[in-house]
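To start, the structure itself, in structure tokens.
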Amino acid sequence: MLDGMNPRQREAVTADFGPVLVVAGPGSGKTRVLTHRIAYLIEEQGYPSHRILAVTFTNRAAREMRERVDGLVGEMGKRVTLGTFHNVCGMILRREHEHTAFSRDFVIYDSQDQIALVKKVLIDLGLDSNKHQPWPVLNAISGAKNELIGPEQFPVPNYDAEIARRVYLEYDKRLQASDARDFDDLLTHVVRLFQQHPDVLERYQRYYSYALVDEFQDTNMAQYELIRLLAGEAANIFVVGDPDQSIYAFRGADYRNVKRFQQDFNPATIILEENYRSHQYILDAATAIIRENPEHIRRNLFSQRKTGPKLTIHEAYNERDEAQYVLNAISDLVSSREYKRSEIAVLYRLNAQSRVLEETFVRSGMPYRLVGATAFYGRKEIRDTIAFMRLVNNPLDRVSLDRVINVPPRGIGDKTVEQFYAWADTMPGGVWGALQALVHGDQTPLSGRSRNTLTQFAEMLNRLRLKLDTSNPLELLDAVLEETGYMEYLQRDRTDQGQQRLDNIAEFRRVAYENTEKSLAGFLNEVALVSDVDNLDKGNADAPTFLTLHAAKGLEFPVVFIIGLEEGILPHRRALEDEKEMAEERRLMYVGLTRAKDRVYMIYTFRRMMWGYYDMNMPSRFIGNIPPEITLGGARVPQPPAEHLFYQPKWETKWEPTNTRQTETPKAAKPVPARKVAPSRFQKGQQVVHQAFGDGVVINTDSSGDFEIVDVLFKQHGSKKLDASFLQPKGEA
DNA sequence: GTCAAACGCTTTTTT
DNA sequence: AGCGTTTGAC
């Protein structure tokens, strides 16, 4: 079993019981180590496989691990619990639903459902949704959930936070009323369950007496806590991660959890540095980029393939020219028989960048596969159909009801819906009780046409619900398409778009067909938790793949194109003034480069149409980090002026001292990086005056950067973040 | 009061 | 590509 493994990998696979941390660089065989560790536990240590829990972040990773474990130990491995965090948590919540305020068949709201709900709450609370955008509110709520902060403890430093707190409170109430949980709830509710029911926790601790975690750098607070609880006293826990590949901070992931794990568990630590994927030039380029990060811990990525094709850097005139260059290069690689189309990927920072690529490829007749936001499960027709099925499964689901109550148009307009909800909210059974009252012919405040149309809708739902116990997901799907008139509605549309929608429905029927052995609730659970990357290898067409850098993590391709390498795109413009975000952009670029086995093409444009305007961006600073000796064309690329690289002067002072290899340093000797903190001119609670905004009070000050930034709540103008030099202490003229 | 067509806007990244 | 808003027809 240990054949062909390097000494470090063997060390990891055969490590003693107790906590183990494997710091695994890209392409270093981490999946191999994880799966062999599982096989080792089962075969060499005689560990019962049903007591092993392995969690990943994507279904794709889970499936790959499952296949490889099966390949190693066959039948014996079948009973290992192997799934994503969200999957495993969902399973626990369904199994233990008696200890919770939700049913076994609760629905899962994805981010689109979440935003729809937040919008609704904002309007219903009388907070004009034009003034308070739903996105920042949802981010605040989600961020709080990830940190295990409930609406009661939600901190309120300013008015925006107060809004978020009120929405959070109501949002959670409505989730419960709908018997629905959002993605974050799946994790936090399990943590809460374990905290409130020690007996349940103990049962799971005993049941899963060995836990393995993949991509540990992507865990958030809730996930870390979950693992900590589950690991218990025995702490038989094996985690694999790479802080340099942490690219999900925006959703609460905290790569410092790796450091926290070292402090909390004092694990055996193994570092995998040999790369089996790329040749050395690619690794050198990746290293050159990542080592500029202030908190990067130095590592020596090396490959047995000492050389390979140099990395190509190309300037295109604009985004159309960029797409054309990619198309031509792919055609050349394919016609020279060097690579198959499916061995090629085009990576970009923003989903919006795929549009031009698609247009160019469609026009030339070159096939492609697109992974991303507007792909399958984001389609309107799919979401509508799922909403109907969710309603059949759980009639309390308000977000789904909202979505389809008048789709296809059945004469239930805004006014009718408003009246109906106003009445339904006074009913003990909620919307479901109200609908049944209509069917029974009870007296209601509704009358005339609204009453008729709503009653027909309710009767239709009842007809569908009758089939619930006797039908499989596919039969229910067909019944939904028929009864709701949705199929006819799509067929009436004779345009290309209408035809495409029918094709998508046909594809969705195929998905249902593959899940006929599941219950409707099980099918909906599956559908809620899959993403587009998960289905990547199902479409086995011979075509290059277009995907975002985020979606590419964990994948590898012989040939990788990275497009839009410009200041403002990669790195993203929001990162240009924020050191932490810039570090994340570097990690993204690092992840992108290390996907490639053989060939890398990096492309930037001279000018680019973005948001309707032409921008002339400088080439990305990341290109400038790559040594010209290993590139074709790199030496000629102009770079943004040094003063724009806002943190560059800090490299000398800050980067060097933190560049010790922490994992080899004993805990006590951990050096605390010296940090010059300028004395603060203002204190919390101090009264201040601003020339334009008038009187205010200081909420917070931050002098950790080059300037002192003060958070002030003004009497007239709300809260603002300002440079301290714009403020006067009150009374000092 | 309902509905369809036209227009402008957008989310950085996603389980 | 979808969504919200506006406009105009019924």
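Chain A is the first sequence line, chain B the second, and so forth, proteins listed ahead of strands; every chain is numbered from 1. Just so you know, these numbers come straight off a predicted model, no measurement behind them.
Aromatic stacking of A:H572 on B:dT12: satisfied, with centres closer than 5.5 Å and planes within an angle under 30 degrees.
Rounding to whole angstrom units, CD1 of residue A:I562 and C1' of B:dT12 are separated by 16 Å. One interatomic measurement links the two molecules: CZ of A:R403 to P of C:dC3, which rounds to 5 Å at whole-angstrom precision. Atoms NZ (A:K415) and P (B:dT2) sit 8 Å apart, rounded to a whole Å. Distance A:I247 CD1 to B:dT14 P: 9 Å, rounded to the nearest Å.
Heavy atoms of A:F250 sit under 4.0 angstrom from at least one base atom. Using a 4.0 Å heavy-atom cutoff across all strands shown, A:R587 reaches no nucleic acid atom at all. Nucleic acid contact for A:R383: none, since no nucleic acid atom lies under 4.0 Å from a heavy atom of the residue. Among the protein residues, A:T416 comes within range of the sugar-phosphate backbone only, with heavy atoms under 4.0 Å from sugar or phosphate atoms but none that close to a base. Residue A:R355 is in base contact, counting any heavy-atom pair closer than 4.0 Å across all strands shown.
A perpendicular orientation is assigned to the rings of A:Y377 and A:F508, their planes being inclined by more than 60° (bins at 30° and 60°). Classified by interplanar angle (parallel below 30°, tilted 30° to 60°, perpendicular above 60°), the ring pair A:W423/A:F420 is perpendicular. Using the six-membered ring where Trp is involved, A:F546 and A:F361 have ring planes that are perpendicular, over 60° apart on the 30 and 60° scheme.
No option in A:Y224, A:F216, A:Y255 other than A:F216 meets the ring pair (Phe, Tyr, Trp, His ring centres under 6.0 Å) test with A:F261.
The separation of B:dT11 from C:dT5, taken at their P atoms, amounts to 13 Å, rounded to a whole angstrom.
Closest to the side chain of A:K119, out of C:dG4, B:dT13, B:dA4, is C:dG4.
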